[in-house]
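Below is a structure I'd like to ask you about.
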Amino acid sequence: MSDLTIGGFPLDLLGLQLVTGVALGAIYVLVGIGLSLIFGLMNVVNFAHGAFFMVGAYVGVFLYGYTGSFWLSLVAAPLAMGLLGLAVERVLVRPLYGRGIDDPLLLTFGLSYVMVEGVRIAFGLTGLPFGAPPELRGAVDIGIGYFPLYRLFLIAFSMAVVGALWLFIERTAFGLVIRAGARDPQIVQVLGIEISKVWLAIFGLGCALAGLAGILAAPLQGVTPEMGIPVLAEAFVVTVVGGMGSLAGAVLAGLIVGIVVAMTSLVAPDMTKMAIFALMALVLLVRPRGLLGRAGALG
Amino acid sequence: MSASREDGRVSASLEDGRVSGLLDRPRAGGPAPATPLLAVEDLAAWYGHSHILQGLSLEVRPDEIVTLVGRNGAGKTTTLKTIMGLVAKRAGRVTFAGADILHRPPHERFHRGLAYVPEERRIVPGLTVEENLRLGILAARGARATRRDEARRIEAIAETFPRLKQRLKQEAITMSGGEQQMLAIARALMAEPVMVLLDEPSEGIMPILVEEMFEQFVAMKRAGTTILLVEQNVELALDVSDRVYIVDGGSVVYHAPAAELRADPEIQARYCAV
């Protein structure tokens, strides 16, 4: 332990808060990537993304109550949200293609209200408490102090998911189609690819990632019908700061936003919201396309 | 070039071509008149309220190179786009390999063996040359090609287009215009299409590359790929083409064997001046 301080805060505390920020950022990354993929490929602003996050958390918590297995919840929540996403794209969003960006935006906005109300009716207004599973409880010494094991798991697991996603997009045939389709959907069609199937899959994948983020976030805060609302706002900040449609940008921006939130809450807990929007304004002033916008689209 | 040798056969069969639909003889039957591979009848297309194509008809028979010429804005590019299904509002009839494809989505044309090289080349930014080539054969996987074919085709294409060979790992968009055009053509050939629609391949490209490219078209034809070409460079186009259609005001105003138009500078001057 050192006695160094910055602005009155011991260095160790700042270090721990930084890791807390990374853990928070991991959630933002997962939610932001989904939002960014869907926008980058389909030009659809998914306003229901926060609701998918929330319903994913509920599905996970509900299943955990039944089976007692957090690992099962970790698989089932994204799977369920992926399937729901497929159905939503196929039935609700698809008829709106070619009608500009507003219609799908309004549709998903309305859908988010339906999902939130549905959960309120099914599970009540107050939300459910949820803690980390027993095997992930406790804290470990990370050199600068004790840090909750669950948050370390959250960081490692999210990074593994992002890594797998990166491999999928960079190394597989479908990933190649995704990268090409984000830039030029028409040429992809001319080369024999049924673009509507690609869009369907991407919408499902994005929603699955939101559901995964939801169940991962549940042990940090419990679940409430409104838990997706601030996350949606933060995910938008992530996609704008990172650059719309940029995978690497979403990762970078997610971590930055997480760290900014964690650090601000240390100094001025009431100003975290303002801090991330100030960050967004600042990035937009300097780089209107976001940190990695276009130059690294889906790269 | 071999075009003039072909002309005799083609012009002789021009008459028969009109009734070939009734005969429907298989191509293997010898040098007999062939059923058109692509038949466009009374094609109409609109951009918003602009009525661009107004009853355009043409035919391309197997192993032909057919060229559309005409002024800027005559409707040549729109014709190719409409055949490919890329113009939303369209009417008429487009028959390819015996199937009416006008109202089918673009990706279905690919699977029937119809390839398209757009005017703007549409090389996908952010992808390497090799990735652009792979994109050209991915959709054929399982149906017309296996994973192993992919590597084999990229190798074969790299041999055909040596300029691309040294640049496989380079980001495609950083190449010169001519090289990008070669890539666009190579990408369209990856899945071994029956027929290729080529829109203004020589535009904005160094003359030496243009000649190389047109030699490539003749080689493609020899290898059994049918070509429908839109080209401003009329002289070069006539050299490699079997037949020519002149498009004006959204429909065909003249069609003849290439040799015939080559010998008629007056017609050329009337319709082909830019």
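Just so we're on the same page: letters track the sequence lines, and every chain starts at 1.
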**Q.** Heavy-atom closest pair, residues B:A139 and A:G192
**A.** CB-O, 3.3 Å

Q: To the nearest 0.5 Å, tell me how far A:E194 CD sits from B:E108 CD.
A: 8.0 Å

Q.
Just verifying a value: how many Å separate A:I187 CD1 and B:R121 CZ, rounded to the nearest 0.5 Å?
A. 12.5 Å

**Q.** Side-chain (B:H107) to main-chain (A:L191) donor-acceptor, under 3.5 angstrom
**A.** no

Q. In this structure, which one of B:N132, B:V124, B:L135 forms a side-chain contact (heavy atoms from CB on, under 4.5 Å) with A:L176?
A. B:L135

Q | Atom CD of B:E120 with >12 non-hydrogen neighbours under 6.0 angstrom | A | yes

Q: Indicate the atoms forming the closest heavy-atom contact of A:R183 with B:P125, along with that distance.
A: NH1-CB, 3.1 Å

Q.
With rounding to the nearest 0.5 angstrom, report the NZ to CD distance, B:K81 to A:Q186.
A. 7.0 Å

Q. Given a strict heavy-atom distance threshold of 4.5 Å, which part of B:L127 is in contact with chain A: side chain, backbone, both, or neither?
A. side chain

Q: Verify the neighbour count for atom CZ of A:R94: are there more than 12 heavy atoms of other residues, nucleotides or ligands below 6.0 Å?
A: yes

